[in-house]
Amino acid sequence: MSDVLAIADHRRGELRDVSYELLSAGRDLADETGGDLHVAVISGPVDEYAQKLDREGVDAVHTVDYGEEFNHDVYTQTISQLYDALAPQYVLAPNSVNGLDYAPAVANRLDLPLVTDVVDLAVDSDTLVATREMYGGKVETTTEVAADAAVVTIRSGEWPAAEGTGDTTVESFDVEIDEDAVGSTVTGFEEVAGGDVDITDADVLVSVGRGIDEEENLELIFDLAEAMDATVSSSRPIVDNGWLPPNRQVGQSGKVVTPDVYVAIGISGAVQHVAGMKGSETIVAINTDPNAPIMDIADYAIHDDLFDVVPALTEEFQ
Amino acid sequence: MKILVTVKEVATVEDEFEIDGTAIDERFLGADLNEWDDYAIEAAVRLQEDGIADEVVTVTIGPEDAEQTIRQALAKGADRAIRVWDDALADVDLLDVGAKTEILQAVVEEEDPDLVLTGVQSGDDSFGATGVSLADAIDTQWAAVVNNLEVDPDAGTASVRRELEGGVEELTDLDLPAVLTIQTGINEPRYASLRGIRQAQRKPLDHQSLADLGVDDGAVDGDLELTEMYEPETETDVTVFEGSAEETAGDLADLLREKGVEA
């Protein structure tokens with residue numbers, strides 16, 4: 001028993017990028033265990049997905065043609081049955097919102113240990129060693145899994161997307177779903193509130209985070225943006241506080257932006273935020289903490305109090 | 001309708017810190033109510049204020065020191081609290097999802113709530129998994145990463161919005177009882193009022209050991225072992241502007257103009 005089973009992620013008719021990253025992580029892990037990489041895709045246009053998932057290094061693709069969209073009850077039941085049929089050593093899932101909506105249930109049902117949000121994986125003398133972060137990314141840890149098998153969710157963006165074309169056969173997996181145990185129904189999807197500002201369209205973004213302290217202080221940011229002819233965006237806490245509408249949020253659960261210049265003010269740079277802005281051409285960080293994670297991806301930085309720097313910068317452009 | 005809210009006291013870390021073995025040196029640690037749990041408490045208390053819930057009970061796995069944080073939850077409106085702890089738990093470095101599930105399952109079996117609310121994740125170990133694992137263990141419905149919640153107690157259903165990636169929300173209906181993991185932004189958590197803080201001192205806070213709950217000591221010996229902790233290597237090649245705020249702002253303005261930023 002040394003195979004790896006990776007579960008693809010998709011939404012509204014499209015495979016998500018993390019699915020291809022799962023193939024790379026899965027292949028690496030299968031190489032270390034000396035086993036095969038199985039990929040399963042559940043619900044939706046599975047044959048179409050299967051063609052796309054048949055990339056280099058994939059040993060088998062299993063399609064489960066059941067329902068249109070993600071439903072965690074269907075996923076949990078299906079993965080449990082796939083596990084029984086294929087007997088993989090490790091089940092890999094994305095650490096996505098949907099991954100976290102079924103992987104813990106699968107682990108519980110199969111009585112397997114669960115390691116989530118993993119950024120690196122290795123097998124050392126038959127022991128799975130997972131690298132994760134704690135305390136909001138301030139420290140990295142290695143965790144050994146003292147069990148023969150495990151469920152693991154991987155963070156998106158940590159493995160390259162698998163490329164090339166494979167030549168594996170696609171097999172349809174017949175699942176038996178207990179409909180009585182399906183107690184949740186997805187009734188639709190909605191985009192978050194729009195508003196008239198499209199931050200994905202801006203060349204210059206002045207982005208504000210938790211460091212601004214008070215809602216009234218946002219005026220400083222809007223003054224700067226006006227002076228620079230820039231658009232104001234923000235990290236999650238500002239939107240959670242209701243200080244700016246959701247369409248201004250940059251990050252994993254917000255918008256992905258790629259401006260020419262991104263000025264991050266009072267933003268520490270949590271991984272969810274960085275996922276939304278790392279493609280910016282030039283990144284400037286203004287933050288008192290020289291060790292803030294944002295400094296790892298910033299091109300230029302000022303380690304100083306934003307309440308001193310921002311007014312001075314505004315004056316420069318006025 | 002009874003709501004059980006899981007409340008965790010998490011460690012907060014100063015900007016500058018030192019690591020001692022597989023933990024951050026205690027000198028650099030503080031303690032606070034887990035941010036996501038604060039939103040879960042608020043969601044529960046609002047359901048009580050709306051007349052939908054009769055009782056809000058919190059449960060915490062934590063040592064006596066955590067009682068200060070638990071009182072915060074009581075001050076915000078929870079009716080009573082349960083704290084689970086004993087020596088077996090004190091010896092564990094990393095309490096894994098399976099162990100937390102087994103302990104919370106025992107509490108759920110004792111309390112029999114109609115709804116369990118948990119934070120999406122905790123700010124320290126960030127597994128983001130206990131709520132969904134618990135739901136499966138107690139054989140109820142669940143939804144993860146909920147940022148909007150409406151409960152219909154007569155129909156025995158909840159309608160939730162789940163926050164997906166990329167600014168998309170999923171609308172889901174589910175049957176009660178259920179476990180929901182609550183995302184920040186679902187509401188605006190209240191500050192505890194002075195009156196609330198005074199009242200919290202008189203609210204029941206029961207301590208239970210694993211034995212009290214009928215949980216075997218061995219349950220806490222999970223399969224995960226923390227073997228290393230270190231500060232992440234940075235590959236930064238950031239150019240830092242030095243000087244007074246006026247000087248650094250001037251240097252940055254020059255750079256930004258070079259990049260095409262103009263008023």
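Each chain gets a letter, A, B and so on, in the order the sequences are listed, and its residues count up from 1.
- Under a 4.0 Å N-O distance rule, the pair Arg16(A)/Glu165(B) qualifies as a salt bridge.
- Residues of residues 25-42 of chain B having a heavy atom under 4.5 Å from any heavy atom of chain A, listed by number: Glu35(B), Tyr39(B).
- In this structure, no portion of Glu247(B) lies under 4.5 Å from any heavy atom of chain A.
- Side chains of Asp73(A) and Ser184(A): a donor on one and an acceptor on the other come within 3.5 Å.
- Taking Thr227(B), Val145(B), Asp251(B), Asp175(B) one by one and counting their heavy-atom pairs under 4.5 Å with chain A, the maximum is reached by Thr227(B).
- Comparing Ala105(A), Pro113(A), Ala312(A) by heavy-atom pairs within less than 4.5 Å of chain B, the highest count is held by Ala105(A).
- For chain A, the option among Asp254(B), Leu174(B), Leu224(B) with the highest count of heavy-atom pairs below 4.5 Å is Leu224(B).
- No other option in Leu100(A), Asp308(A), Asp304(A) has as many heavy-atom pairs under 4.5 Å with chain B as Leu100(A).
- Contact count against chain B (heavy-atom pairs under 4.5 Å) is highest for Gly188(A) among Ala181(A), Gly188(A), Gly276(A), Ala147(A).
- Heavy-atom pairs under 4.5 Å with chain B peak, among Glu315(A), Gln252(A), Gln272(A), Arg236(A), at Arg236(A).
- Looking only at heavy-atom pairs under 4.5 Å with chain A, the residue among Thr248(B), Leu164(B), Asp125(B) that has the most is Leu164(B).
- Contact of Ala137(B) with chain A is made through backbone and side chain together, with heavy-atom distances under 4.5 Å.
- Top candidate by heavy-atom pairs under 4.5 Å with chain A, chosen from Val97(B), Leu256(B), Leu252(B), Asp96(B), is Leu252(B).
- Within the 4.5 angstrom heavy-atom criterion, only side-chain atoms of Leu94(B), from C-beta onward, approach chain A.
- For a residue to count as touching a neighbouring chain, one of its non-hydrogen atoms must lie under 4.5 Å from one of that chain's; by this rule Thr185(A) touches chain B with backbone and side chain alike.
- Using a 4.5 Å cut-off between heavy atoms, Ala158(B) does not touch chain A at all.
- Each of Val256(A), Asp260(A), Val284(A), Asp117(A) has some count of heavy-atom pairs under 4.5 Å with chain B, and the biggest count is that of Val284(A).
- Proximity to chain A is limited to the side chain of Gln141(B), based on heavy atoms less than 4.5 angstrom apart.
- Dense packing is recorded around CG of Asp91(B), with more than 12 heavy atoms of other residues, nucleotides or ligands lying under 6.0 Å away.
- Chosen from Gly254(A), Ser268(A), Ser253(A), the residue pairing most often with chain B at heavy-atom distances under 4.5 Å is Ser253(A).
- Highest contact tally toward chain A, considering only Ala135(B), Ala143(B), Gly128(B), Gly166(B), is held by Gly166(B) [criterion: heavy-atom pairs under 4.5 Å].
- The residue among Gln183(B), Glu169(B), Lys259(B) with the most heavy atom pairs within less than 4.5 Å of chain A is Glu169(B).
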